[in-house]
Amino acid sequence: MTTELLIWLIPLPPALAFFLIVLFTNKSKALSHTIAVGAAFLSWLGSMVVFFRAVGEEHFTAFASSIPWLPTGDTWFRIGVSIDPLGAAVLFFVAWTVLMIFLYSVGYHNFGQPKGDHDRAGLPPHGATVTDEHGHKHTVLSVEPMYSRFFAFIGLFAFGMYTLVVSDNLLTMFVGWEIMGLCSYLLIGFWYGKPSARAAAIKAFMTTRIGDVFMLLGIAFLYKATGTLTFSEIFTEETLHVLANTPAFFGLSAAGAIAILLFIGTVGKSAQWPLHVWLPDAMEGPTPVSAMIHAATMVSAGVYAVLRMFPLLTADFTGHGLTTAMSVVAFIGAFTALFSATIAVAQNDIKRVLAYSTISQLGFMIAALGIGAYIAAAFHLITHAFFKALLFLGSGSVIHGMEHGVLHTGNHHVDPQDMFNMGGLRKKMPITFWTFLIGGFALSGFPILTAGFWSKDEILADAFAHGHWAVFITLAVAAFLTAFYTMRQITLTFLGEPRTKEAEHAHETPWTMTTPLVILAVFAIGYGWVGIPEHFPVLGGILPNWFHEFVGGTLLEHPEAVEFSWIPLGTSLLVALGGLGLGWLVYRNVKSPAEDRLQIPALKNKWYFDEAYDFLFVKPAYWFAETFTYKWMDKGVIDGILHFFGKAAAWIGDTLRNYIDSILINDWIADKLSHQWTIHPAARAVRRVQTGRIQQYMLASIGVLFVVGVLVYYFFMA
Amino acid sequence: MDFFLEPLTLVTFFPLVGVLVLLLLPSGNKNLLRWTALITSLATFGISLWVLSLFNASNPDLQLAARYPWIAVAGWNIEYHLAVDGLSILLVLLTTFLTPISILSTWTAVEERVKDFMLFFTLLEVGMLGVFMAQDLFLFYIFWEFTLVPMYFLIGIWGGPRRIYAAIKFFLYTMAGSILMLLAILWLGIQQGSFSVPELIALGGIPADIQLWLFIAFAAAFAIKVPMWPLHSWLPDAHVEAPTAGSVILAGVLLKMGTYGFIRFNLPLFPEAAIQAAPWMALLAVIGIIYGAAVSYAQGDAKKLVAYSSVSHLGFVMLGLFAMNPQGIQGGILQMINHGLSTGALFLLVGMIYEQTHTRDLKVYGGLWKITPVFGTLMLIVALSSMGLPGLNGFVGEFTILLGAWGAGSGVLGSVLFAGFAAAGVIMAAVYILYMFQKMFLGPEGSIVEEVKKHGHALRDLNAREIITLVPLLVFIFWIGLYPQPFFNLIAPSVDKLVAILQAAMH
């Protein structure tokens, strides 16, 4: 099979799985997950073949093919697929994480467990009572009631992501982008029986869609300016030159303006401030969905989009001083990185901490792109995807173990997601613990060993080397906080002694859940080694900096590696180790939230952004829709004017009838002539269908027509 | 006989055969009446496919003309002239496509006076087809007014509790606009000496100031029909009171007569005036987009919500048309079709549940997805199509229109802000559509579920007939969404020709 054909085929299996499950196999759980996991495997296989063919080629540029799709004016809009080095690298991590998440979902949704006693579609399973051979009753985990539907939805989700990655143009990329938006809505609201899940689903969809609409405008602008949406045609030197030298608005060049509009789409999708509010709530969905959203698909797609549009973002960048567009991107990224790290410090829900850490890490990538550190951003995107998928699946495993304990004790008031209810889980769940530790250390940038260190260090080194001090310092502080809250999380969850009975009875999860953890842990360590800078002390040069060489080939001009300096490396080491150490020191003896001195209201309440948005946007929007437009404008003004006309016409009609018609015509003519004959019965018949007023309206209309006719004749014809 | 075998004459008047048969049938045998109407409309659809096969997509001009002198008195040359081109072929097909679907939807919904219902419905089809094909202003006007009468009775007899108010509002509103158009038609006939649309376009030469008056007179009729803000307030009343089939045809076809009128008459007949008016029309269109979406959200009645969403969607169409470039107009025409499919399907779905529950109050619904999974899934697909999700038809239309509006920003519309605000409408569409979906299908079970059980039968999922009614619409929702090329192929050449006329007027 040619590589190009293979690329066309990569997104299809999950989409096919979606339709097969929805239409035919939704009654059979085993068949449904076999189809879904099988489809994910086929896409994975295709992706690996494409990836290794790409890596195997010398001076690889791209595999591409396209067909005509939509006529726009006098030209054809072509759509197609293309895998360039960046695409191949992204495809690699997407394929792995998606496959792992699919496999994990089988265990997570309790396949093979009995049906719940009171479980209902739209709510998480509550457990089932079983009787063992000795006649003892136990409560065990029960299977998800909408098991098949879940696999259908994540299939569609994967299809959206694969479509986005293989697209050679903005339009189909946007199609994949929106399909993911839809799937996030369906999956965050998967347990739609919970009001919080419904609210989170709507919030996610609406917030990201605000970004999407700006992106759509950016696409329209780009199309207007260049006449194409195909990447390879936009990213040519001439086109970029023209765009960079066309003024647009707010002092931006066309390239900058388009880049900003497209970037707003990313702000929504990758949950950057100020559109970050949806992501923490998105954990209302089942945990594999969180992993999908936080690692394999959605938020990574946002960063991928900026990576794709990087030539546009930097089109008028001369190398000295950031352009306006780049400054905006750098500011948003750096600010988000720090801002959400502060919130993560005060969260007690194991998934919520991770959610804010995702926002923060995405901020790192965005900030890197803003200062032009293309390779570093791409590198961090991929390492982050691996370790964040690992962490989310790990947290799901923890929650699962805790739920086991909750069912055992029967105390349903214990929140299995609250870290203060945990403690000591390292002995109960060893595989989960060790893999989570690896993931957490990677997130913190634990030196040398973990992938997160290499990618985060590269961002800091780049910021330092090009003198972006504000970005450098902000990110360094954020990295410190990251290490700190990660260690807080690990300490509270796994170390020490169990703080509740439920934690004592926690249980390691089945192999379908732990296998993905182990595989992802391998990448959370090993993927860093493909991007070790050449001039790194001792280690540099032992392994080639493959990542830089390979992904750098995506750009027209191969970016130069930054020179080595001890300052950023020292900072990296200091913040990672310092944060981890401090986190352990502070939290090793903390037993309850009351003892946690960082439970500051402003942080716990996420700097009150939800409240502020509700006051500033949501409530006024409802008022605008319900009160202003509907009650005042539509029912009041518009129908009011109409009814006024109606009444006026009726009045004219009545007047005519009462003073002219009835006196002149009825009394004088009609009555005298026709009363005895047929008009009355006929009129009664007519009146049943018509209300009587219609003639008056007609009369008035004809009157108006007459007046208008006279005026028109007078002005134009005479 | 040859006269009746002209393809366009045949397709337009074939429903009259059904009318004759219906008149002869006894009014007691309801199923026979239904089958007669259905077969008639299916045959009409078949004939329209034959018309399509004869249609040459690469020819931008009017085709398959059936043209005969008709009334020639006092120097007036009124012709019987039917023809189609790329501007109208899809609308003709939409009409013949939606009519059998609508009839199928009435199978159990209409039990009273079935004979009269089918008669009016079949007559309505004649009128609509005539509107989209007439190339003589006088003939057009006759068809245009002719569609009013059956619709008036469909709402007034088979409608909901406030049907009389709605029917009269619909009738008078449309009449008021048409009368101005009639004046303008008469002026054209007298001053220019012809009622023939292609001849009038070729003739041109109407002074700019008079063009503006004529433009306004025609626009009054069409803007009410579309309906454009602020002339829309008849629409929600008419939709809410109309029977389901009436709503489908009203939203699917009758509203398109308004937008079609702009393309067929206002733009090519009065190009200078149209260019002058474009920013204003676009402004009204954008207000309509936002306003319609906002008001939709405020509705507690499912049907009213869908009805107001039409105001928003048709705002998109109008924005595309008055961008006056190929993308805008092509997108506008395709969006007319899309709206017919999506909103038609939405009305059908709301009607199907209404048949079981006899209420459209969103408050009493909830959690239906569990009980009626097929219904929920189809509703979701149609809702997504309506809010313009990529991969489904609505997106293709909206995107093409946005491209057009953005492109026109530097020219006729003067500002890309139109595109910007229209895009805001895309967000709002998601709000109200998801709001409806959420209220009906997600969340805890609504009180209606118990209410229906009290009457001795549980809520059921869609039956085979209902699914058959919806499947054809879904096929096109996906087809246009995934591969719109064949549809654009039909539209493009005629649009290019129209744009050439407009561009000539710009210089």
Side-chain angles (χ1 to χ4, degrees), chain A residues 22 68-74 120-122 171 174-179 182 185 189 192-193 195 198 202 205-206 209-210 212-214 216-217 219-221 223-224 622 624-631 633-634 637-639 642 646 689 691 693-694 697-698 701 704-705 708-709 712 716-717, chain B residues 156-157 164 168-169 171-172 175-176 179-180 183 187 191 210 213 230 232-233 291 294-299 325-327 330 367 369-370 377 384 389-391 395-396 399-400 402-403 405-407 409 416 419-420 423-424 426-427 430-431 434-435 438 442-444 483-485 488-489 492 496:
Chain A
V22 165
W69 186 60
L70 190 95
T72 44
D74 34 342
R120 291 180 38 191
L171 194 68
F174 188 70
V175 171
W177 181 274
E178 286 287 285
I179 288 173
L182 165 69
Y185 168 77
Y192 54 75
R198 291 203 300 279
I202 285 270
F205 193 80
M206 292 318 307
R209 206 166 164 92
I210 290 172
D212 295 351
V213 163
F214 284 95
L216 195 59
L217 287 175
I219 294 174
F221 191 171
Y223 186 78
K224 169 64 187 156
Y622 287 161
F624 176 74
E626 283 166 0
T627 311
F628 180 77
T629 41
Y630 186 56
K631 284 208 187 101
M633 284 302 290
D634 218 55
V637 177
I638 293 178
D639 264 2
L642 272 183
V689 187
T691 59
R693 281 281 157 88
I694 197 161
Y697 283 119
M698 290 290 283
S701 313
V704 171
L705 172 68
V708 172
V712 167
F716 297 121
M717 300 185 187
Chain B
I157 298 177
I164 303 292
I168 290 177
K169 204 169 176 184
F171 195 94
L172 286 180
M175 267 310 261
I179 280 166
L180 292 177
L183 276 178
W187 189 95
Q191 290 301 99
I210 296 183
W213 284 103
H232 63 276
S233 82
Y291 186 97
V295 179
S296 282
Y297 178 78
Q299 301 309 315
N325 49 25
Q327 286 104 321
Q330 287 187 34
W369 206 352
K370 276 175 284 197
T377 308
L384 293 173
L389 189 88
F395 174 73
V396 178
F399 180 69
T400 323
L402 277 184
L403 284 184
W406 192 288
V416 295
V426 178
I427 307 181
V431 181
L434 286 184
Y435 163 78
Q438 184 125 349
L442 307 182
Y483 195 59
Q485 182 188 343
F488 281 114
N489 277 347
D496 289 345

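Proteins get letters first, then strands, A, B, ... in listed order; numbering begins at 1 in each. Owing to the predicted nature of the structure, the values given are computational and were not obtained by experimental measurement.
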Neighbour count >12 (heavy atoms, 6.0 Å) for atom OH, Tyr297(B): yes
OH on Tyr185(A) to CG on Leu389(B), rounded to 0.5 Å: 12.5 Å
Side chain proximity check, Phe395(B) to Phe174(A), heavy atoms < 4.5 angstrom: yes
Residue Ile202(A) versus chain B: region with a heavy atom under 4.5 Å: side chain
Side-chain heavy atoms of Tyr630(A) within contact of Gln299(B), under 4.5 Å: yes
Phe205(A) versus chain B, the contacting section by heavy-atom distance below 4.5 Å: side chain
Least distance between heavy atoms, Leu402(B) atom then Ala220(A) atom: O-CB, 4.4 Å
Those residues that, when tested against Asn325(B), pass side-chain hydrogen bond (donor to acceptor under 3.5 Å, both in side chains) (two or more places apart): none
Nearest-0.5 Å distance, CZ of residue Phe399(B) to CG of residue Leu171(A): 4.5 Å
Pairing residues for Ser296(B) by the side-chain hydrogen bond (donor to acceptor under 3.5 Å, both in side chains) criterion, not counting sequence neighbours: none
